[in-house]
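Heads up: the structure comes next, in structure tokens.
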Amino acid sequence: MLVLMGYLHVDPSEVDDFDADVQEISRSARAETGCLFYGISLGDRTAGRFLVAERWRDKDALQVHLETDETRAFLRKWEGKMKGDLNAYDVIGERSLAT
């Protein structure tokens with residue numbers, strides 16, 4: 001499993017437009033084979049910071065996502081307007097914390 005965690009930053013004046021685009025791409029990503037979880041949410045409006053949490057079956061599933069028309073269009077639109085502080089983690093084990 002591959003987990004992506006971190007932040008995306010946009011100019012605070014573009015938060016609403018970015019958030020609308022994030023919601024749209026989130027819906028399509030969640031329907032993709034290999035997507036186990038996909039969440040991007042506004043963490044700090046004043047700073048223009050969004051929290052990113054994604055879980056993918058594997059690196060190949062993420063790569064397929066990155067090559068979709070929706071993802072490419074999103075990245076083209078926001079290229080140069082967003083900064084990422086995003087890391088990928090390879091997970092070899094998983095367990096529930098719920099009792």
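Count residues from 1 along the sequence. Computed from a predicted model, the values in this text were never measured in an experiment.
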So do [Y] and [X] actually touch side chain to side chain, heavy atoms under 4.5 Å?
X   : Y   : result
E94 : M1  : yes
I40 : L51 : no
L2  : D58 : no
F18 : H9  : no
L36 : R30 : no

Criterion side-chain contact (heavy atoms from CB on, under 4.5 Å) on L4 and N87, from CA distance to verdict:
CA-CA 6 Å; L4 277 63; N87 294 299; over 6 Å; no
Which class fits the ring pair Y38 and W56: parallel under 30°, tilted 30 to 60°, perpendicular over 60°?
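The arrangement is perpendicular - the two ring planes meet at more than 60°.
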Applying a strict under-4.5 Å side-chain criterion to I, L, V, M, F, W and Y, I'd like to know whether L86 and F37 cluster together.
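Hydrophobic grouping puts L86 apart from F37.
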Report yes or no: do W78 and V22 belong to one cluster of Ile/Leu/Val/Met/Phe/Trp/Tyr joined by side chain heavy-atom distances under 4.5 Å?
yes
Does NZ in K59 sit with more than 12 non-hydrogen atoms of other residues, nucleotides or ligands closer than 6.0 Å?
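Atom NZ in K59 is not packed in, count stays at 12 or less.
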Is the number of heavy atoms from other residues, nucleotides or ligands under 6.0 Å of E14 CD greater than 12?
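Yes, CD of E14 has more than 12 neighbouring heavy atoms, counting only those of other groups under 6.0 Å.
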Using the benzene-type ring in the case of Trp, are the ring centres of F50 and Y7 under 6.0 Å apart?
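Centroid distance F50-Y7: not below 6.0 Å, so no.
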For R49, enumerate each residue passing the side-chain hydrogen bond (donor to acceptor under 3.5 Å, both in side chains) test, keeping only those at least two apart in sequence or located in another chain.
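None.
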Any carboxylate oxygen within less than 4.0 angstrom of a Lys/Arg side-chain nitrogen, looking at K77 and D17?
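Salt bridge: yes.
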Are R45 and D16 close enough for a salt bridge, meaning some N to O gap below 4.0 Å?
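Counted as a salt bridge, because a side-chain N and a carboxylate O are separated by less than 4.0 Å.
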Nearest 0.5 Å, please: how far is CD in Q23 from OG in S41?
8.5 Å
Output the distance between atom SG (C35) and atom CD (E54), rounded to the nearest 0.5 Å.
7.0 Å
Which atom names give the shortest non-hydrogen contact between P12 and G48, and what distance separates them?
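Residues P12 and G48, closest heavy atoms: CG-N, 4.1 Å.
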Can you give each donor-acceptor pair under 3.5 Å made by side-chain atoms of residues 62-69, sequence neighbours left out, with the distance rounded to 0.1 Å?
| unit_1 | atom_1 | unit_2 | atom_2 | d |
| --- | --- | --- | --- | --- |
| Q63 | NE2 | E67 | OE2 | 2.8 |
| H65 | ND1 | E32 | OE1 | 3.3 |
| H65 | ND1 | E32 | OE2 | 3.0 |
| H65 | ND1 | T71 | OG1 | 3.4 |
| T68 | OG1 | H65 | O | 3.0 |
| T68 | OG1 | T71 | N | 3.2 |
| T68 | OG1 | T71 | OG1 | 2.9 |

